[in-house]
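Below you'll find the structure, written out as structure tokens, and then a few comments.
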Amino acid sequence: MKTKSGKFTEQQIAELKYLESLPDDQINTIDVPEMLDWSGARQGLFYRPVKQQITIRLDTDVIHGFKKLMKSG
């Protein structure tokens with residue numbers, strides 16, 4: 001959509017402003033192909049949280065309390 005100079009024309013700017021004002025469900029994206037093939041995707045490329053595994057021992061009533069809380073909420 002950019003010209004050889006890398007800048008938008010007045011017509012392109014007007015079109016972008018018009019599209020920006022529309023709700024997403026009213027923008028025709030029929031000519032934009034959906035990306036269905038994720039075989040080349042790499043997981044965790046940009047974000048890798050630091051995790052540490054631990055083990056704790058809890059009373060049975062505490063575990064049942066947490067399970068009950070998860071079911072209700």
CD/Gln26: more than 12 non-hydrogen atoms of other groups inside 6.0 Å: yes
Distance, nearest 0.5 Å, that separates CG of Leu16 from CD of Gln11: 10.5 Å
Cluster link Leu36 to Ile30, ILVMFWY, side chain under 4.5 Å: no
Nearest atoms (heavy-atom pairs only) where Gln12 meets Thr9: OE1-N, 2.8 Å
Of all pairs that satisfy side chain to side chain donor-acceptor pair (under 3.5 Å), the ones with a partner from residues 27-38, not counting sequence neighbours: Asp37-Ser39
Connected via hydrophobic side-chain network under 4.5 Å: Leu58 and Ile54: yes
Single-linkage hydrophobic cluster, 4.5 Å side-chain cutoff, Val50 and Phe46 together: no
Asp25 atom CG, over 12 foreign heavy atoms within 6.0 Å: yes
Over all atoms of both residues, closest heavy-atom pair of Ile27 and Leu19: CD1-O, 3.7 Å
His64 NE2 to Lys67 NZ distance, which is reported to the nearest 0.5 Å: 6.5 Å
